[in-house]
2 protein chains.
Amino acid sequence: MAEKDCPIENTFKLINGKWKSVIIYQISKYEPCRFSELQKLIPDCSKRMLALQLKDLEEASIIQKHVYSTVPPKTEYTLTEVGKSLVPIIGSINQWGKKYTKK
Amino acid sequence: MAEKDCPIENTFKLINGKWKSVIIYQISKYEPCRFSELQKLIPDCSKRMLALQLKDLEEASIIQKHVYSTVPPKTEYTLTEVGKSLVPIIGSINQWGKKYTKK
DNA sequence: CGGGATCCACCGCGATACTG
DNA sequence: CAGTATCGCGGTGGATCCCG
């Protein structure tokens, strides 16, 4: 019998969403990151998606948003401890991809 | 500048699809697995989806299908070397999920 | 600058039924 | 037993415009 609620599935829900893992990875490399920085780092992710994914990640307590209420506005994203604990996993996924993903 | 083609994204394409990672995990624990075994192990995954995902994984050379042309038919799924190399990663995802995924 | 709101196209996925 | 075929809908994500 399979375990009733699957940690794998739950975890995937968090880092899935098409861009979340990449966002976490980029933030881990360059944090703190501004919104516009992330746009440049992940050009294939639309502005809308980036905003949505960041919101999801924030609600999942994986990243933290710091808003500076200046004009023009400025925000910075950093990883939480939970988010940091995810980095090695994403790192190994990255390594695996380099090895086994051809082209 | 972001790397042009992202290994993370590529890898996620492989193990994504909602059930693939769970399928790999279950096969790694019980291989060789029959189709009906996997159905019982992952009851939330519909028969149709299971078939589709297994086909994807086979085409990605992550699993191998062995068909016994008997009556009634019998198939067994096993991991390839590539598939096995994925197991530790999925394992750590599982561990992470146990820790940080509440209820 | 850093988003949110709205509209819409696509396709992932379930339900059901059929086949070798 | 181990799949495939067809239908249909709901969610995901892109394009565009707006707003503090």
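For clarity, every value in this text was computed on a predicted model and none was experimentally measured. Numbered from 1 within each chain, the chains take letters A, B, ... in sequence-line order.
Rounded to a whole Å, the CZ atom of B:Phe35 is 18 Å from the P atom of C:dG20. Taking atom CD on B:Gln39 and atom C1' on D:dT4, their separation rounds to 14 Å, with Å as the unit. Residue A:Lys13 contributes atom NZ, which lies 14 Å from atom P of C:dG12 at whole-angstrom precision. Rounded to whole angstrom, the span from the CG atom of A:Leu50 across to the C1' atom of D:dG14 amounts to 14 Å. Atom CD1 of B:Ile42 and atom P of D:dA2 are 14 Å apart (whole Å). Look at CD1 on A:Ile23: it is 14 Å from C1' on C:dG2, rounded to the nearest Å. Between the C1' atom of C:dA17 and the NZ atom of B:Lys47 lies a distance of 10 Å, rounded to the nearest Å.
Residues A:Ile63 and A:Thr78 fail the side-chain proximity criterion, which asks for heavy atoms closer than 4.5 Å. Within the 4.5 Å cutoff, no side-chain heavy atoms of B:Leu38 are placed close to those of B:Arg34. Taking 4.5 Å as the limit, some side-chain heavy atom of A:Glu31 sits within range of a side-chain heavy atom of A:Lys84. Under the 4.5 Å side-chain criterion, counting only non-hydrogen atoms from C-beta, B:Ile93 is not in contact with B:Tyr25. Residues A:Ser21 and B:Phe12 are in side-chain contact: their nearest non-hydrogen atoms beyond the backbone lie under 4.5 Å apart. Counting only heavy atoms from C-beta outward, the side chains of B:Glu76 and B:Glu37 never approach each other to under 4.5 Å.
Below the 3.5 angstrom threshold, one finds no donor paired with an acceptor across the side chain of A:Lys74 and the base of C:dG2.
Residue pairs meeting the ring pair (Phe, Tyr, Trp, His ring centres under 6.0 Å) criterion with at least one member in residues 77-98 of chain A, sequence neighbours excluded, are A:Trp96-A:Tyr100.
Interface residues of residues 54-65 of chain B facing DNA chain D, ordered by number: B:Lys55, B:Lys65; criterion, heavy-atom separation under 4.0 Å.
Side-chain proximity of A:Pro73 to the nucleotides C:dG2, D:dC1, D:dT4 is greatest for C:dG2. When the nucleotides C:dG3, C:dG20, D:dG3 are ranked by their closest atom to the side chain of B:Thr75, D:dG3 comes out on top.
Within 6.0 Å of NZ on B:Lys74 lie more than 12 heavy atoms contributed by other residues, nucleotides or ligands.
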Enumerate all atom pairs, one protein N or O and one N or O from nucleotides 13-15 of chain C, separated by less than 3.5 Å.
| residue | atom | partner | partner atom | Å |
| --- | --- | --- | --- | --- |
| C:dG14 | OP2 | B:Ser46 | OG | 3.1 |
| C:dG14 | N7 | B:Arg48 | NE | 3.2 |

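Among the heavy atoms of the strands lying under 4.0 Å from A:Tyr77 are primed sugar atoms or P, OP1, OP2 only; no base atom is included.
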### Task
Could you check A:Leu54 against A:Phe35 for side-chain contact (heavy atoms from CB on, under 4.5 Å), going step by step and ending with a plain yes or no?
CA-CA 9 Å; A:Leu54 286 170; A:Phe35 190 88; 3.7 Å; yes
